[in-house]
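To keep things clear, I will list the structure first and then write my remarks on it.
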Protein chains: 2
Amino acid sequence: MDMKNKKASDATVTRLSRYYRSLVHLETQGVAMVSSKALARRDGISPAQVRKDLSCFGQFGTRGQGYPVAELKEAISRILGLYRTWNVALVGVGYLGVSLLAYREFKAQGFHIVAAFDNDPEKIGKKRRNVIIRDIRTLPEVVKKLDIEMAIVTVPQDAAQSVVDLLVRSGLKMILNFAPVSLRAPVGVVIRNVNIAIELEALSYHLASGG
Amino acid sequence: MDMKNKKASDATVTRLSRYYRSLVHLETQGVAMVSSKALARRDGISPAQVRKDLSCFGQFGTRGQGYPVAELKEAISRILGLYRTWNVALVGVGYLGVSLLAYREFKAQGFHIVAAFDNDPEKIGKKRRNVIIRDIRTLPEVVKKLDIEMAIVTVPQDAAQSVVDLLVRSGLKMILNFAPVSLRAPVGVVIRNVNIAIELEALSYHLASGG
DNA sequence: GTCTGTGAAGAGTTTCACAGCT
DNA sequence: AGCTGTGAAACTCTTCACAGAC
């Protein structure tokens with residue numbers, strides 16, 4: 001990967017994902033070129049922000065013209081690692097876990113959930129959405145055998161830290177955590193947290209404080 | 001609400017939710033006082049950050065002693081609006097929607113999903129997790145009748161904007177959106193987005209760019 | 001001594017504004 | 001003319017450091 005990558009912040013990477021979606025949409029509409037202004041408006045972002053974000057990774061536009069939709073889409077797909085597929089493990093097959101197994105957007109972006117794990121003997125061995133549920137204790141070997149690089153954690157709070165420890169011991173470096181708890185992991189392991197209850201609390205803050 | 005509220009950023013409010021969870025935990029452990037340092041360590045945050053965050057809303061601590069766990073918990077619960085219950089509508093009863101209906105953390109924090117809506121005649125009239133699924137067209141009247149103030153949107157991309165428009169017309173001001181698309185709403189309406197695919201993309205960025 | 005509360009400094013992010021290309 | 005790319009300015013958020021309270 002020979003992109004210049006000055007230093008993209010987390011916020012920049014997140015916006016890149018948005019641009020990507022907009023570009024996919026524009027491409028299906030047959031649009032060939034798009035200006036930072038037009039891209040920005042679609043996402044409620046400033047045109048300068050769009051240009052700065054993109055400038056972290058190279059020069060994709062032509063002055064006076066704008067950005068070529070297809071090429072920019074390709075470039076972002078390479079930056080975000082969407083040009084390839086990723087094998088993903090799902091740990092914790094509760095309601096949320098099952099709904100993620102069925103989530104189409106994942107497969108569409110190249111994220112394949114190839115294994116699911118749980119510790120409930122009732123669940124182990126069964127299939128949900130065509131994925132077999134395995135004993136959590138087999139995780140380290142399955143990770144190696146299936147070449148898994150990412151994990152999605154949807155276990156209860158209490159179990160989350162020990163699951164993360166197990167994932168780290170198994171060599172995984174990318175974890176998406178849905179348990180409502182702060183997790184510790186060694187440097188080099190990237191954990192992203194999705195905390196649905198906290199999102200609602202942020203909303204209720206606005207109402208409660210007289211928004 | 002007579003708190004001083006200097007100007008709490010989104011990040012501050014999110015951290016408040018974390019502190020709240022830690023405080024709940026500490027209270028069950030019988031801990032009476034906690035220092036900013038101890039609170040911070042539990043969440044991987046700096047002690048100064050904890051103090052600054054709290055200082056947005058008042059002075060809750062005692063110098064030399066720390067913060068009284070029970071009182072601080074109460075105060076944050078008031079700030080975040082957790083001292084009361086909120087009636088919430090769920091729009092879009094797909095896999096994700098159903099899993100949110102079953103999400104215990106919501107009820108524990110006072111968020112009650114009192115109505116679910118869909119536009120699929122197959123689903124309308126049936127119950128999932130003890131909540132009846134209603135015709136989306138009845139939303140405005142049901143919102144009024146059941147005193148609903150928040151909505152969770154789990155419909156497909158294409159439908160998301162029109163659902164948000166309907167919610168806004170029905171008088172809702174707080175929306176939690178799970179559709180992977182940027183939404184427009186008038187000022188005064190707070191929309192928070194949870195975009196699960198984007199989270200995975202941010203992870204894959206780190207791996208793809210040689211993390 | 002310990003620990004909070006907070007102004008000031010530092011770091012990071014966004015916006016501005018304009019040079020330079022088409 | 002229109003639009004990108006980017007240094008500089010503006011703004012925001014975090015950390016520092018210390019006065020003041022126990």
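Predicted model only: the values in this text are computed from it and were never measured. The chains referred to below are lettered A, B, ... by the order of the sequence lines, with proteins before strands, and numbering in each begins at 1.
The base of C/dG7 sits with one of its N or O atoms less than 3.5 Å from a complementary donor or acceptor on the side chain of B/Lys52.
Of all nucleotides listed (C/dT22, C/dT15, D/dC22), D/dC22 comes nearest to the side chain of B/Gln65. Picking from D/dT15, C/dG5, C/dC18 the nucleotide with the shortest atom distance to the side chain of B/Gln49 gives D/dT15.
Comparing B/Asp53 and A/Arg51 by the nucleotide of DNA chain D that holds the closest heavy atom to each, the one mapping nearer the 5' end is A/Arg51. Comparing B/Ser35 and A/Ile45, the nucleotide of DNA chain C nearest to each residue sits closer to the 5' end for B/Ser35. Two residues, B/Gly66 and A/Thr62, neighbour DNA chain C, and the one matched to the more 5' nucleotide by heavy-atom proximity is B/Gly66.
Taking atom NZ on A/Lys7 and atom C1' on D/dT6, their separation rounds to 11 Å, with Å as the unit. The interatomic distance linking B/Leu16 (CG) with D/dC13 (P) rounds to 15 Å, in whole Å. Between A/Asp10 atom CG and C/dG12 atom P there is a gap of 13 Å when expressed in whole angstrom units. In this structure, CG of A/Leu39 is placed 13 Å from C1' of D/dC3, rounded to the nearest angstrom. Between A/Phe60 atom CZ and D/dT6 atom P the separation is 11 Å, expressed in whole Å.
B/Ile196 places a side-chain heavy atom less than 4.5 Å from the side chain of A/Phe178. By the 4.5 Å heavy-atom criterion applied to side chains, A/Val153 and A/Leu167 are counted as neighbours.
Contact annotation: A/Gln59 side-chain N/O to C/dC21 OP1/OP2 distance is not under 4.0 Å. For D/dT14, the OP1/OP2 oxygens have a side-chain nitrogen or oxygen of B/Arg15 closer than 4.0 Å. Neither OP1 nor OP2 of C/dA19 sits under 4.0 Å from any side-chain N or O of A/Arg63. A/Tyr67 has no side-chain polar atom (N or O) that falls below the 4.0 Å cut-off from OP1 or OP2 of D/dG2. Contact annotation: B/Ser46 reaches the phosphate of D/dT15 (side-chain N/O to OP1 or OP2, under 4.0 Å).
Residue-level contact check: B/Ser36 touches the backbone only, with heavy atoms under 4.0 Å from sugar-phosphate atoms and none from bases. Note on B/Lys37: nothing from the nucleic acid sits closer than 4.0 angstrom, heavy atoms only.
Put simply, the side chain of B/Thr154 gets close to the backbone of B/Val91: a donor and an acceptor are under 3.5 Å apart. In this structure a side-chain-to-backbone donor-acceptor pair under 3.5 Å is present from A/Trp86 to A/Gly81.
The environment of B/Arg84 atom CZ is dense: over 12 non-hydrogen atoms of other residues, nucleotides or ligands sit within 6.0 angstrom.
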